[in-house]
Amino acid sequence: MTAALIPGSFDPPTNGHLDVIERCVGIFDEIIVGVIGNPSKSPLFDEVERVEMLTDLCSQWDNVRVGSFGGLLVDYATEVGADVVVKGLRAMTDFDYEFQMSQMNRHLSGIVTLFVATKPEFGYLSSSLVKEVSRLGGTIDALVAAAVAAAMKERHA
Ligand code: PNS
C-alpha cells in the first residue's frame with residue numbers, strides 16, 4: 001500500500017491542484033492532501049475554510065483525505081504514514097525552489113518527492129493570480145471549482 005502526501009497552501013484550491021490530485025488518484029492507494037495552516041503570506045481563507053473546501057472537492061474520490069499541518073512537512077508525512085511527497089510542476093520557474101525543498105526534505109527524513117507535470121492549460125494558473133483577478137472583478141470560473149468561485153466572490157464582495 002503506497003500513500004502520497006500532496007502538500008500546499010491551497011489558498012484557494014485551483015483546477016491545477018485538482019488536476020494533480022486526480023492524477024495521483026489512479027497511481028497511489030491512498031492520498032493525503034495536506035493544507036499548511038499558516039502559510040507565509042496571510043491567507044484569504046483560513047485553515048478550516050481551506051480544509052472544508054478541499055474536503056468537498058475531493059469527496060468524489062474514495063482514496064483521498066484532507067488534513068492540515070503546522071510544523072515541518074516531513075514530520076506531517078511521518079504522522080500520516082506517507083511514503084512519498086507529490087508536488088505539481090507548472091514550468092521551469094517552479095523547478096528551482098521545488099527541487100531545493102525536495103532535497104531538504106530528503107536530507108531531513110529521507111522522504112522522496114515526485115513531481116507531476118500539470119496540464120499545459122494550467123501552466124499559468126496560480127492561487128495568487130486567481131486571488132488578484134477575483135479581487136479586481138475578473139472572471140475566474142474556468143480556473144477554480146464553482147464552489148470556490150462563489151466563496152471568492154462572497155469574500156471580495
Ligand atoms: O502551495 P505552496 O505555498 O507552494 O506550498 C508550500 C509548502 C506548504 C509545501 C511548503 O511551504 C512547506 O513544505 N512548508 C512546510 C514547512 C517546511 O517543512 N519547511 C522546510 C521544507 S524544505
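Order of listing sets the numbers, starting from 1, for every ligand and every atom in it. This one's a predicted model, so the numbers in the text were calculated from it and none came from an experiment.
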Legend entry - Summary of side chain to side chain donor-acceptor pair (under 3.5 Å) pairs that have at least one residue in residues 104-133, sequence neighbours excluded: Asp11-Lys131
Legend entry - Residue pair Arg65, Val33: steps toward the side-chain contact (heavy atoms from CB on, under 4.5 Å) verdict: CA-CA 6 Å; Arg65 62 189 170 93; Val33 176; over 6 Å; no
Inset, instruction - List in chain and number order the residues that pass side-chain hydrogen bond (donor to acceptor under 3.5 Å, both in side chains) with Arg90, two or more places apart in sequence or in another chain; answer none if no residue qualifies. - result: Asp94
Inset, instruction - Decide, yes or no, whether a salt bridge links Arg50 with Asp46 under the criterion of side-chain N to carboxylate O below 4.0 Å. - result: no
Legend entry - Test item: Phe69 and Val80 side chains (from C-beta on) under 4.5 Å apart, heavy atoms: no
What pairs of donor and acceptor atoms, side-chain ones from residues 142-157 against any protein atom, are under 3.5 angstrom apart with sequence neighbours left out?
unit_1 : atom_1 : unit_2 : atom_2 : d
Arg155 : NH1    : Leu44  : O      : 3.0
Arg155 : NH1    : Glu49  : OE1    : 3.2
Arg155 : NH1    : Glu49  : OE2    : 3.4
Arg155 : NH2    : Glu49  : OE2    : 2.6
His156 : ND1    : Ser134 : OG     : 2.9
His156 : ND1    : Met152 : O      : 3.3

Mind listing the N or O contacts between ligand 1 and protein, cut-off under 3.5 Å?
unit_1   : atom_1 : unit_2 : atom_2 : d
ligand 1 : 1 (O)  : Ser9   : N      : 2.9
ligand 1 : 3 (O)  : Ser9   : OG     : 2.5
ligand 1 : 18 (O) : Leu73  : N      : 2.8

